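Lettering follows sequence order; numbering is per chain, from 1. Quantities reported herein were computed from a predicted structural model and do not represent experimental measurements.
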Number of protein chains: 2
Amino acid sequence: MDSSEIAERIWLAIAQGRLAPGARLKEEELAESFEVGRARIRSVLLQLSREGLVDIIPNKGAQVAAPGVQEARDVFYLRSTVETRVAAQLTGQLTPQAADDLRDIVRREREAIADGHLADVIRLSGLFHLKLAELTGSSVLQSILRDLISRSSLITAVYRDTGYFNCGPDEHDAIVEALMGGNEDEVLRLVSEHIEHLRADLNLTSEQQPVKNLRDIFEL
Amino acid sequence: MDSSEIAERIWLAIAQGRLAPGARLKEEELAESFEVGRARIRSVLLQLSREGLVDIIPNKGAQVAAPGVQEARDVFYLRSTVETRVAAQLTGQLTPQAADDLRDIVRREREAIADGHLADVIRLSGLFHLKLAELTGSSVLQSILRDLISRSSLITAVYRDTGYFNCGPDEHDAIVEALMGGNEDEVLRLVSEHIEHLRADLNLTSEQQPVKNLRDIFEL
DNA sequence: GCTGACAAGAATGTCGACAGTCCTGCGCTA
DNA sequence: TAGCGCAGGACTGTCGACATTCTTGTCAGC
């Protein structure tokens, strides 16, 4: 099995709540589950820790990260500043091809919502934002935003209040059209409001601290 | 040799310009130089890539990152937003112990400047900012800022225009005192100006694209 | 009953070797 | 001579095994 697929499945397990924050991720157990060596698991865990999804404690192992409410607020604050920076650089700079790519992501988002594929919704929403960062060509913005969006996915999975994600695709579409339109003030306003809506959909009033253990979670 | 020491020495080599951007970092060569197995080098390189100091290209290896001028600007823009967030959270919240720790770092900065230890100056300056993030207790802010500061170190090493770092310690001291004073507006102003000064000391007018190769760089 | 040291177990950290992949350069062909 | 294909080499990716470290449970001593 490919490394990226392993990372994907672990991410999925976290996003769907099958792996709760605090759950221990033992290398050997994961290696058995996916029928690969520990080395590959190791690199996957390092990658996930880079994205803030798992915490690695030296000589103690990895566990699913448990973001607190203050961290959740920080993440969305930072996303707002980073993504306005991204949007500012892209305003009026989008090629028709790039715009179509973005619209395609939004279309798939709508499908995922219609089909009730929650994990896909979270992932595609993240992909949209990540694609914007990619289009700037700035590896810094890409790297930082990938980190922030991964954390957002985990936070969304943990603190999600309701099941609706209706504002996502519409606002994404609006952002694409505004970028094409070239009015920077409007773009920045839409982006800020969109991030704010994402944050507002979460229940950040009380800490979530569940702990599950790991076994038979990966149906293989 | 300890993993962190290896990372430290590679960082030092980059910061001092002995390893120029674009230089290839072959695992086996590094493993021989430091007299350790490749596995340890591998994890060190992953860590450095997490901090944006090296780029890892699958099946091709690692090389020292080569930040462009636009990326340099992005880094300082992001630092400004992240660090004002940090400062806002800390205003009036610093314990006397924490303040003393910060002042101690500034003192060591002044020593390093007096002794002409350029790498120490860069590192201690970064440490000051990182310590502030640590004091917030937010792992997100810490993680993002560590990334940004590592990149800043590399950028400073590459784009440094003059040799003077005089504004650093004085402004750091001023920030500590303002944090203790509790006037948030003043704190935010000082932090913004400080980051702006850091950026202004760089020559971000033309790209730097030197390439050196790696051998006999680590005197062992 | 409580504290401390010690030993057993478990999990991570590290190593050496092999497998897989990409690039390079040579040689063949038109 | 220019272009294509192939083989060789170099390097990364992966694996299994061993070393190290941390935790946990037990037991003697007070």
Side-chain angles (χ1 to χ4, degrees), chain A residues 1-11 13-14 19-66 139 211-218 220, chain B residues 1-10 13-14 19-66 211-218 220:
Chain A
M1 182 174 311
D2 194 299
S3 286
S4 60
E5 190 178 345
I6 295 175
E8 176 73 15
R9 292 187 102 147
I10 295 178
W11 177 87
I14 294 175
L19 277 176
R24 292 198 57 188
L25 298 169
K26 301 178 189 174
E27 295 183 354
E28 198 154 351
E29 205 167 345
L30 289 169
E32 272 183 39
S33 299
F34 291 109
E35 293 175 349
V36 297
R38 264 182 49 223
R40 197 180 288 183
I41 295 295
R42 210 174 168 69
S43 81
V44 168
L45 288 177
L46 273 170
Q47 181 190 332
L48 291 173
S49 92
R50 174 181 173 165
E51 296 171 4
L53 261 77
V54 308
D55 292 331
I56 291 182
I57 305 166
N59 287 318
K60 274 203 58 179
Q63 56 185 40
V64 179
S139 75
V211 174
K212 274 194 213 166
N213 58 356
L214 161 77
R215 193 171 293 269
D216 305 322
I217 281 185
F218 303 101
L220 289 169
Chain B
M1 183 172 313
D2 194 299
S3 286
S4 59
E5 190 179 346
I6 295 174
E8 175 74 15
R9 293 186 99 149
I10 295 178
I14 294 176
L19 277 175
R24 292 197 58 188
L25 298 169
K26 301 176 188 174
E27 295 182 355
E28 196 153 352
E29 205 167 347
L30 289 169
E32 272 184 37
S33 298
F34 292 108
E35 294 175 348
V36 298
R38 263 189 7 172
R40 196 181 288 183
I41 295 296
R42 211 175 165 68
S43 82
V44 168
L45 288 176
L46 275 170
Q47 182 191 331
L48 291 174
S49 93
R50 172 179 175 169
E51 296 171 3
L53 261 75
V54 308
D55 292 331
I56 291 182
I57 305 166
N59 286 319
K60 272 204 59 178
Q63 56 186 43
V64 179
V211 174
K212 274 194 215 168
N213 58 357
L214 162 77
R215 195 172 294 270
D216 304 322
I217 281 185
F218 304 103
L220 288 169

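- Atom CZ of A/Arg24 and atom P of C/dA10 are 13 Å apart (whole Å).
- Minimum atom distance to the side chain of B/Lys60 is reached by C/dC23, of the listed D/dT12, C/dC15, C/dC23.
- For A/Glu28, counting side-chain heavy atoms from C-beta on, the closest listed nucleotide (D/dT14, C/dC15, C/dT12) is C/dT12.
- Separating the CD atom of A/Gln63 from the P atom of C/dA11 is a distance of 15 Å, rounded to the nearest angstrom.
- Toward the 5′ end of DNA chain D lies the nearest nucleotide of B/Gly61, the other residue of the pair A/Pro58 and B/Gly61 mapping further downstream.
- Of the residues listed (B/Leu25, B/Ile10, B/Val36), the one engaging B/Ile41 in a side-chain contact (heavy atoms from CB on, under 4.5 Å) is B/Val36, and it is the only one.
- Here CD of A/Glu35 is found 11.5 Å from CZ of A/Arg40. Values are rounded to the nearest 0.5 Å.
- In this structure, the side chains of B/Leu48 and B/Ile14 stay at 4.5 Å or more apart for every pair of heavy atoms.
- Remark: A/Arg40 is not in phosphate contact with D/dG13, judged by side-chain N or O atoms under 4.0 Å from OP1 or OP2.
- Regarding A/Ile56, its CD1 atom lies at a distance of 10 Å from the P atom of C/dT12, rounded to whole Å.
- Looking at every heavy atom in both residues, A/Gly52 comes nearest to A/Ala65 through O-CB, 3.5 Å.
- You'll find that the side chain of B/Ala39 is closest to C/dC15, out of C/dC15, D/dG13, D/dC11.
- With distances taken from any side-chain atom of B/Arg38 to the nucleotides D/dC11, D/dT14, C/dG13, the minimum falls on D/dT14.
- A straight line from CG of A/Leu25 to P of C/dA11 spans 13 Å, rounded to a whole angstrom.
- The separation between B/Ile57 atom CD1 and C/dT21 atom C1' is 15 Å, rounded to whole Å.
- The phosphate of C/dG13 has OP1 or OP2 within less than 4.0 Å of a side-chain N or O from A/Arg42.
- The side-chain heavy atoms of B/Ser4 and B/Gln47, taken from C-beta on, include no pair separated by under 4.5 Å.
- Nucleotides of DNA chain C nearest to A/Glu27 and B/Asn59 differ in position, and the one nearer the 5' end is that of A/Glu27.
- Looking at heavy-atom distances under 4.0 Å, B/Ser43 makes no contact with the nucleic acid at all.
- Summarising the geometry, the separation between CD on B/Gln47 and C1' on C/dG13 is reported as 15 Å, rounded to the nearest angstrom.
- Nearest nucleotide to the side chain of A/Lys26, out of D/dT12, C/dG13, C/dA11: C/dA11.
- We find that CD of B/Glu29 is positioned 8 Å from P of D/dC11, with the value rounded to whole Å.
- C/dA11 atom P lies 12 Å from atom CG of A/Leu30, rounded to whole Å.
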